[in-house]
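Heads up: the structure comes next, in C-alpha cells.
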Amino acid sequence: MAPRQSTPPAVLACGEIRTCLLPARQALDIRSAAQLLGLRADERVLLSERPGLYARSPDTLTGVDCPLPSANGARIRAVGTVTAHAALTEGRVLQTSAHCRLPAAGPDQRRPWGEYLVRPGVVEPLGRLPRDAVAEGVLGGGRHGDLDVGLVADGLLTRLLRHPLLDQRPPFRSRPTRLRWVALPAEPGEGPSLERFTLAEDELRTVRLRIPEDTDGAGLAALCDDLALHDWLLTTVVRMLDGIRLGASGAEDTGAVVRALRPAVDHLLHLWMPGARVTRELAPLWDPLEERPGFTRQWQALVQRIRDQLTLHAIPAPHREVEPAP
Amino acid sequence: MSDAVFRETAAEPRTQSVPLAHLSLELGHLYMEDFEAGPGRLRRHFEEVRPWAEAARAAAVARAGGRRARISTCFLVDDYFTRFATPAEVVPMLLAEAERAGLTVDYLARESGCAVTGKTPVAEAVAGRIVESPVPGSHGGRPPTARTGWLANGERAPVARAPQAMKRAAPWQPPRETAARRHSVFLDTELWNDDADGHRTWSCPFLAAVWQLARLGLLRDAGEAVLVPQQHTGTGFPDDWDDLPSLVRLNPRADPFSAYRTCSIVPNRFLPVEHAVRVVLDQIEVDPGALAQVAERSGKERTAVPDSVADRVSYVFYAGP
C-alpha cells in the first residue's frame, strides 16, 4: 500500500459535550482535580489558575468503525478515532467533551489500525464524504448504529462519576446539558463565524460553526467547551430562580428563598468568564451570542435578581412588608 | 495560546526529545535457560546472528542513501520472569562471546526495566495507551466483547452458553481477524495476570512491545524521556541485577540507542511472541509529541519512516535453539 499524506485536511469537525455539576459536597481543590482527571499514568493533567481554577485531562481515544449519520440517508462507513477529554472548572463544573475531524475523502478500504492511531481524532470516510449531509445528520442525531460521539462523552462521564473522590452529594439539584456542534470550512478569506446556536428539547443544544481551514482542532474544542459551560450556567441559574416563589411573605418563605438562591452565590456566580480560555482566532465567535440574545446581559440580570432577592430577604420581615404590592 | 503575554507552564504540554539513530539492531535476548545451557549456547547464537546483523546493517546503509547510517546494537537480558546468576557473571561472558563473533553490544537492557524503571511504571503507562482496534459496527460505545488484560486482532468468538430447555444451542461462530484478507489469522494475547495478592505480572509479549517503543524513542512519562541510557563506568558489573541501571551504554562511542526503525535477530521460537508484539503495537496510541519529533527529524534528514509504529519494527528469525 502506498504511503499516505500524514494529516489529510479536515473539511468537517464535530463533537459533543456533557456539562454537569460535580456530585460532591465540596468543590475539588486543584490537587484533587488532578487526581480525578488523571486518565493516564504517563500524562499530566493540565492545570491553570488564571483567570480561574481549571483542570483538563489528557486526551483519550476511542476507535470507531461505523456508518456516519447523514441527513439524506447515505450510509457512508468511516473508520478512525474520536478524541475525548474531561475538564473541571473551579472544582465544581465537570465537562466531558468528545470530538473528531473528517477529511473530504479516505481510502476505499479500511487500513491497518496503527495507521489510524498516528492520526488521533481523525475519522476517515471510506470513499468521499457527503459533507453537508453528514453535518446535518450529526446535528439532527443519527440512527442507532451511526457514529455517535455523544456516546464517547457519555462513557467518559460515567467513568469519572464513579471516582471515589466524589461523595455523590451535590450541594443543589441541577440537570446536565448536552451541546452538539459541527464546524464547516469558512469561505476562503473569511474568518470564523457562528452560524446557529439552537436550544433544542431535552437539554440539547446544537451549534453550527464556520472556521478557516487552518484552525487548530484543540482550540475549536476549547471554544465549544466554553460555550457549553456558559450555556449550562445560564440554564442552571434560570432554573434555580424558576423554582422559587418570589414576593411571598412569611419567615418560612424567606428561608426557602435564601436556601434556594444561596448555592448560586456559593458555587456559580464567580464562574462566568466567557472566552477566558478561547484562542484569539476563535474569540470573536462569542460576539454574536453577546449581541443577541446577549448571554452576559442575561447572566448579569440573573445575578442582579439573585442579589436583590437576598438583600430583600436580609431586611427584617416587618419592614419588608411595609410596601407590598397593591 | 503561545502568543499570549501571560503563560502558565502547568497549563501547557511539553515533550522532551531523545537522540535518534537510523536503526536499532537487537542482537538477541537472554533467558535463564540460555544461560544455564552454558557459554556454548551464546557462542552459537552470536555465530548465527553475525551474517544477519551484517545484512541488517547493509540494508540500513542502503536506506541512508550514501550518508552515514547511525546504527546502534542492543541486547536484552531477562531479569523479570526469572532471576538467575548476577550481572558480574553474565555480562562479561555475554560481551566476550559477542566479541568472539565480531559483534559489539552497544547497549544492554534489563527486561524488568520495561515493567518499571526507577519509580516510573512504564508498562502500566503503556497499557493505559491501548486503543483497541474497533470491530466493524463500533459507533462510540464500549464494545461488549472487551476483555481486560487481553488484546486481540479482531472479534472474539461469541461465548457459548449452555442451552436452555426448549432452546437450541447457538451454533459455534468463529472469531474474526479485523484486517483479514479472505481468511482470518486470529490472535488473542494475554497482556498481564494478577496473582491472589493483586500483584501484576506483565506478559512477555507486552514487555517486548514496551521494549520496541523504547527502541523507537516513543516512550514518555509526563513528557520526560523514559529508559534513558546510563553510561557504564568502572570496570566490573554489580552482583545484583537491581544495582545495574535498566539500560546501560557499554560502548561510549555508540550511536544513539533509540532509532527510526528497529530490527531484532532472534531464533524462530520467538515468532509467536513477536506476532503478539505486532498486535499490541498496532493498538497503542504513542505519545503524540514524541511521534511528531520523530516525524520532524526524519523529515529534515529525508529518511522515510513508516506511519504506523508497528511497521517501523522488523525481524530476522533464524533457525536456532
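No hydrogens, no waters, no symmetry mates; every other heavy atom, side chains included, goes into these values. Please read these numbers as outputs of a predicted model, since none were measured by experiment. Letters go in sequence order (proteins before strands), and every chain restarts at 1.
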When only pairs under 4.5 Å are counted, which of Leu147(A), Leu47(A), Val152(A) shares the most heavy-atom pairs with chain B?
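The candidate making the most pairs under 4.5 Å is Leu47(A).
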
message: Heavy-atom cut-off 4.5 Å, strictly under: side chain, backbone, both or neither for Arg77(A) against chain B?
response: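 For Arg77(A), the side chain is the part near chain B, not the backbone.
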
Asp148(A) versus chain B, heavy atoms under 4.5 Å apart: side chain, backbone, both or neither?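 Interface part for Asp148(A): both.
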
query: Got a second to check how far Ile130(B)'s CD1 is from Leu117(A)'s CG, nearest 0.5 Å?
result: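 The CG atom of Leu117(A) is 11.0 Å from CD1 of Ile130(B), to the nearest 0.5 Å.
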
- Message: Could you measure the distance from the CG atom of Asp287(B) to the CD atom of Glu43(A)? Nearest 0.5 Å is fine.
- Response: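 One finds 6.0 Å between CG of Asp287(B) and CD of Glu43(A).
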
Does the side chain of [X] reach to within under 4.5 Å of the side chain of [Y], using non-hydrogen atoms?
{"X": "Arg44(A)", "Y": "Arg14(B)", "result": "yes"}
{"X": "Val131(B)", "Y": "Thr62(A)", "result": "no"}
{"X": "Pro134(B)", "Y": "Trp113(A)", "result": "yes"}
{"X": "His139(B)", "Y": "Leu151(A)", "result": "yes"}

* To do: Check the surroundings of atom CZ in Arg50(A): do more than 12 heavy atoms from other residues, nucleotides or ligands lie under 6.0 Å from it?
  =>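 12 or below, so no.
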
With sequence neighbours excluded, tell me which residues meet side-chain hydrogen bond (donor to acceptor under 3.5 Å, both in side chains) with Ser133(B).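 With neighbours one apart ignored, the set is Arg110(A).
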
#### Entry: With Asp194(B) via side-chain hydrogen bond (donor to acceptor under 3.5 Å, both in side chains) - residues at least two apart
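So Asp194(B) forms a side-chain hydrogen bond (donor to acceptor under 3.5 Å, both in side chains) with Arg200(B).
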
| Do the charged groups of Asp42(A) and Arg129(B) touch, with an N to O distance under 4.0 Å? |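 Yes, Asp42(A) and Arg129(B) are salt-bridged.
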
Q. Going by residue number, which parts of residues 270-286 of chain B are within reach of chain A, meaning a heavy-atom gap below 4.5 Å?
A.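 Only Asp282(B), Gln283(B), Ile284(B), Glu285(B) of residues 270-286 of chain B have a heavy atom under 4.5 Å from chain A.
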
Open item on the list: If the contact rule is any heavy atom under 4.5 Å from chain B, which residues of residues 28-41 of chain A qualify, in numerical order?
Closed with: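 Near chain B, by residue number: Arg40(A), Ala41(A).
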
**Item:** Among the listed options Ala310(B), Gly137(B), Ala292(B), Pro288(B), the residue most often paired with chain A at heavy-atom distances under 4.5 Å
**Value:**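 The candidate making the most pairs under 4.5 Å is Gly137(B).
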
Problem set entry | Part of Ala222(B) lying under 4.5 Å from any heavy atom of chain A |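 For Ala222(B), the contact with chain A is made by backbone and side chain together.
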
Q | Part of Thr178(B) lying under 4.5 Å from any heavy atom of chain A | A |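 Side chain only.
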
